[in-house]
Protein chains: 2
Amino acid sequence: MRVTIKDVAKLAGVAPSTVTRVIQNKSTISDETKKRVREAMVELDYHPNLNARSLVSQSSQVIALVLPIDSDVFYQNPFFPTVLRGITQIASDNDYAIQICTGQNEERRLDNLKQLIYGNRVDGLIFLYSNPNDPLVEFAIKDKFPFLILGKAASPFVSLVDNDNIKAAFDATDYFIQQNYRKIAFIGGNKELFVSQDRYEGYKEALQKAGIPLDEKLVHFSFGFMLEDNSYQMMESLPLAELDAIMTTDILVAEVVRQYLLEHQLTIPIISFDSIKPRLDIEAYIDINAVELGRESVRTILQIIKDHKEGKTVCYRQLIDHTITKL
Amino acid sequence: MRVTIKDVAKLAGVAPSTVTRVIQNKSTISDETKKRVREAMVELDYHPNLNARSLVSQSSQVIALVLPIDSDVFYQNPFFPTVLRGITQIASDNDYAIQICTGQNEERRLDNLKQLIYGNRVDGLIFLYSNPNDPLVEFAIKDKFPFLILGKAASPFVSLVDNDNIKAAFDATDYFIQQNYRKIAFIGGNKELFVSQDRYEGYKEALQKAGIPLDEKLVHFSFGFMLEDNSYQMMESLPLAELDAIMTTDILVAEVVRQYLLEHQLTIPIISFDSIKPRLDIEAYIDINAVELGRESVRTILQIIKDHKEGKTVCYRQLIDHTITKL
DNA sequence: CTGAAAGCGCTTACAG
DNA sequence: CTGAAAGCGCTTACAG
């Protein structure tokens, strides 16, 4: 058997409850006793049984990352692994563990989530996607369970951590405008996603501010994953010869655009969004700072969990700055 | 408070232990009682406290995915999200949850792992990388804790799930040889990785079988992440004009190669390995079937966990077939 | 076929 | 400053 708190107590000559207090570093315990107990813990290589601890403390020290259905485009994008790096950093700093929650369909995803929540296996949730009317988000709201959305939220009373995507797209478009480009195409990802909509909004605002009329023929959205058979067709519908620049909202989209241009020996500057330094040779990119998004979302969910224990309900809205980088 | 087993028992008019037996679907319970208890569970929307269950059953129903240090190239590759899809599928089918274990340095990673293992929070581990002399793997071996490696293992007594990388690279090279190509370059990823070494081995074997002498000038390995300043230099050191074809062991490498060729208006067919359909326009790719790798690794670790409970120690070596796809 | 009791390994009041 | 007792919500022998 593993070594238990009793073993430590016996070796240190104290009661188990005293060992607990030493672990919690309570100020009521004498330094001398603390020292003795800590030595015993090291000597026995003691690690508390987390299930026992969670059972009584009603807290699991686990955060669940809620992912979309496992067939989603989400998994193609470097966003997820990058944001995960930031998440694990801060989680580990705070002795929190990370659990994954997903499933093959909506029903399974909800089942899995319920099991985690009702089963007391997690203290809070981070949603790594945001769709309108997501049943899991709605469940968390109804259950008053601590959660936040990494991205935009449909409801205004939901905590979130996100970029200012309108501003970011404004900056991206403006970057080209400053170079006296006027014919700037916009090629977005899935139009259903908040993020595509916001970036389109920023594009329009930048044009408007510069007095450039919006030309619908320069605007395209792709549905789901970009490298479909029709993506080249879409490129051909653009007035490529007159184009000054192209803005894409997604690195997967940018890859296809870039490839098309190379194959047709066209040189049109591209700007895109990415969560890592793009591996393709484009003009510039908006770094959404995915690692920091991950970090901040853990800091925030930790705060929400704390608030929840104290009976408070605060709605947090944290914006992470983007940076524009010329390549 | 959440509804507990006592609430269910009371509503169904039975003892708590009977509720447990119904959940476990023991054959000793009468159908009539089962029915009553199940109705009560549904009515109360009962979900057992997993911490209490784990405490007594000594089993957490959680598998940890052990990841490399969070600065690793690993996170750039679509391998991880793809394999994760397979993992969550089978885990969810078997009522297992997935936890992430990583850290900013080796020490933290080992600490986190120990906490999970000694804390009874996980039943088994899947290592998503394989390096010689990894301290975490060595800890799992010493502790006799159930684990497997997704990839090649240094020790011959360690369970693993992997592709036959030698065979896969052989097939890739042979694909070109069958087209009467003879000058085939090999551009590998990090030479320290087993996977690069094995793929190089397969390349050599295919050449040898075809009677083509190995030309060292056609062979290159990159260190770490490919898109470094020296990657174009490396391309220029190749006798590009004479080359019939290029094989790369990694899609990140292939991207750079492809980009170089496009920019220099060279058309040399490329074959690469990938875990998803490549988003770039190359001749063919070896699909390593990452989703199936994920699925099989969960099936296998579940078996290892079961063996462990029964005191057995079996070493499993599961190979997942690759497929070659012309694009 | 089912119940009562004991116990998993912690932590949290309660005492002193 | 520290200990003894109770209890978190389950499951597992033990009885009958």
Side-chain angles (χ1 to χ4, degrees), chain A residues 1-38 40-41 44-62 95 115-123 309, chain B residues 1-38 40-41 44-62 95 115-123 309:
Chain A
M1 266 327 297
R2 303 283 185 200
V3 0
T4 73
I5 201 169
K6 283 188 185 171
D7 301 318
V8 177
K10 195 177 287 174
L11 182 60
V14 296
S17 48
T18 300
V19 177
T20 293
R21 293 188 188 102
V22 173
I23 292 172
Q24 294 169 340
N25 203 17
K26 295 265 190 222
S27 55
T28 67
I29 302 290
S30 73
D31 288 347
E32 205 261 320
T33 303
K34 279 186 182 172
K35 183 161 167 287
R36 211 145 29 89
V37 170
R38 286 190 180 126
M41 293 200 297
L44 299 174
D45 199 13
Y46 171 68
H47 291 256
N49 183 313
L50 300 176
N51 299 124
R53 174 180 282 178
S54 295
L55 178 58
V56 32
S57 70
Q58 305 278 28
S59 139
S60 61
Q61 302 285 110
V62 176
D95 287 314
Q115 238 181 293
L116 288 183
I117 292 181
Y118 287 155
N120 259 275
R121 260 291 150 80
V122 296
D123 294 345
K309 279 182 196 150
Chain B
M1 265 328 298
R2 302 283 184 202
V3 1
T4 72
I5 201 170
K6 281 187 186 173
D7 301 318
V8 177
K10 195 176 288 174
L11 182 61
V14 297
S17 49
T18 299
V19 177
T20 294
R21 292 188 189 102
V22 173
I23 292 172
Q24 294 169 341
N25 203 16
K26 295 263 191 223
S27 55
T28 69
I29 303 290
S30 72
D31 288 347
E32 206 261 320
T33 304
K34 280 186 181 172
K35 183 161 167 286
R36 212 144 30 88
V37 170
R38 285 190 181 127
M41 293 200 296
L44 299 174
D45 199 11
Y46 170 67
H47 291 257
N49 182 312
L50 299 176
N51 299 124
R53 174 181 282 179
S54 294
L55 178 59
V56 30
S57 70
Q58 306 279 27
S59 140
S60 61
Q61 302 285 111
V62 175
D95 288 314
Q115 238 180 290
L116 287 183
I117 292 181
Y118 287 154
N120 259 276
R121 262 288 151 84
V122 297
D123 294 345
K309 279 183 196 148

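Protein chains get the first letters and strands the later ones, always in sequence-line order, with residue 1 at the start of each.
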Does the side chain of B/Ser60 come under 3.5 Å of the side chain of A/Arg121 through a donor N or O and an acceptor N or O? no
How many Å lie between CD1 on A/Ile23 and C1' on C/dG9, as a whole number? 11 Å
Within this structure, what is the NZ-to-P distance between A/Lys26 and C/dT11, rounded to whole angstrom? 10 Å
Can a donor-acceptor pair be found, under 3.5 Å and without considering hydrogens, that links the side chain of B/Asp7 to the backbone of B/Thr4? yes
Provide, to the nearest angstrom, the distance between the CD atom belonging to B/Gln24 and the C1' atom belonging to D/dT12. 9 Å
For A/Thr33, check side-chain contact (heavy atoms from CB on, under 4.5 Å) against everything at least two apart and list the hits. A/Val14, A/Thr18, A/Ile29, A/Ser30, A/Arg36, A/Val37
Look only at the side chain of B/Lys26 and the backbone of B/Thr20, and say whether a donor-acceptor pair between them is shorter than 3.5 Å. no
Check whether any side-chain N or O of B/Gln61 sits under 3.5 Å from a backbone N or O of B/Asp95 as a donor-acceptor pair, and report yes or no. yes
Given atom OH of B/Tyr46 and atom C1' of D/dG9, what is their separation to the nearest angstrom? 7 Å
Give a yes or no on whether the backbone of A/Asn49 and the side-chain of B/Asn120 come within a donor-acceptor separation of less than 3.5 Å. no
Rounded to whole Å, the CG-P distance (B/Asn25 to D/dT11) equals 14 Å
Between the side chain of A/Ser54 and the main-chain N/O of A/Ser59, is any donor-acceptor distance below 3.5 Å? yes
Within a reach of under 6.0 Å around NZ of B/Lys10, are more than 12 heavy atoms found that belong to other residues, nucleotides or ligands? no
Between B/Leu55 (CG) and C/dC10 (C1'), how many Å, whole number? 8 Å
Quick note, A/Gln58 side chain, CB onward, closest among D/dG9, C/dG9, C/dT12 is D/dG9
Rounding to an integer number of Å, can you tell me how far A/Asn49 CG sits from D/dG9 P? 17 Å
For DNA chain C, stems built from three or more consecutive Watson-Crick or G-U wobble pairs below 3.5 Å: C:1-3 with D:14-16, C:5-12 with D:5-12, C:14-16 with D:1-3
How many whole angstroms separate atom CG of A/Asn120 from atom P of D/dC8? 13 Å
Just wondering, more than 12 heavy atoms not from B/Asp31 lying within 6.0 Å of its CG? no
Under 3.5 Å, N/O pairs linking protein and nucleotides 2-6 of chain D:
from, atom 1, to, atom 2, distance (Å)
D/dT2, OP1, A/Ser30, OG, 3.2
D/dT2, OP1, A/Thr33, OG1, 2.3
D/dT2, OP2, A/Ser30, N, 2.9
D/dT2, OP2, A/Thr33, OG1, 3.4
D/dG3, OP2, A/Ala15, N, 3.0
D/dG3, OP2, A/Thr18, OG1, 2.5
D/dG3, N7, A/Arg21, NH1, 3.2
D/dG3, O6, A/Arg21, NH2, 2.4
D/dA4, N6, A/Ser17, OG, 3.0

